[in-house]
Amino acid sequence: SLACTLIELLTGDPPNYDLMPLQALYQIVQNPEPSIPDHITPKCREFLLRCFKKDPAQRPSAKDLMKDAWLQSMLHRRKEKRDKKGDTSVSTGKTLSTGSE
């Protein structure tokens, strides 16, 4: 479901959104993975393919995915953007106050 959510974030639609429910289920069983957008980077594509492994024994754990090069680069970019804005909550582990405490 992580990879499906990522595809939805990248395209605006979840995989197989255009199919009737039974057709979508058939596609899930028949195809190794749903259609992956062409406009993504090779590293993102590799990440998605790792997540879409049907056999749970072949699928990486969340801990393993956190070490993935693509995900690490995205987290690093996010941290850099926050650091530029002066928000250190990500790097220090502290949360920002909402002022309602």
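More than 12 non-hydrogen atoms from other residues, nucleotides or ligands lie less than 6.0 angstrom from CG of Leu9. More than 12 heavy atoms of other residues, nucleotides or ligands lie within 6.0 Å of NZ in Lys54, so this atom counts as buried by the packing criterion. Other residues, nucleotides and ligands contribute over 12 non-hydrogen atoms within 6.0 Å of the CE atom of Met74.
For Arg50, the salt bridge (charged side-chain N to carboxylate O under 4.0 Å, His left out) partners are Asp68, not counting sequence neighbours.
Between the Gln30 side chain and the Gln27 main chain, no donor and acceptor come within less than 3.5 Å of each other.
Once rounded to the nearest 0.5 Å, the distance linking NZ of Lys67 with OG of Ser61 reads 7.5 Å. Taken to the nearest 0.5 Å, the CG atom of Asn31 stands 8.0 Å off from the CG atom of Asn16. For the atom pair Leu65 CG and Gln72 CD, the distance stands at 11.0 Å (nearest 0.5 Å). To the nearest 0.5 Å, atom CG of residue Leu2 and atom CG of residue Leu71 are 8.0 Å apart.
If you chain together hydrophobic residues whose side chains sit under 4.5 Å apart, Tyr17 and Phe52 never meet in one group. Taken together through direct or relayed side-chain contacts under 4.5 Å among Ile, Leu, Val, Met, Phe, Trp and Tyr, Ile40 and Leu75 form part of one hydrophobic cluster.
Proximity of Cys44 to Leu6: side-chain heavy atoms (C-beta onward) are separated by under 4.5 Å at one or more points. Residues Glu33 and Leu49 are in side-chain contact: their nearest non-hydrogen atoms beyond the backbone lie under 4.5 Å apart. Between Pro14 and Cys4 the shortest side-chain heavy-atom distance does not fall below 4.5 Å. Contact of the Glu46 side chain with the Thr41 side chain is not registered, since no non-hydrogen atoms from C-beta on lie closer than 4.5 Å.
Of the residues listed (Lys81, Arg82, Glu80), the one engaging Arg78 in a side chain to side chain contact (heavy atoms under 4.5 Å, CB included) is Arg82, and it is the only one.
No salt bridge links Arg59 with Asp55; every basic N to acidic carboxylate O contact stays at or beyond 4.0 Å.
Here the closest heavy-atom approach between residue Ile7 and residue Pro37 is recorded as CG1-CD, 4.3 Å.
Applying the ring pair (Phe, Tyr, Trp, His ring centres under 6.0 Å) rule to pairs touching residues 63-84 yields Phe47-Trp70, sequence neighbours excluded.
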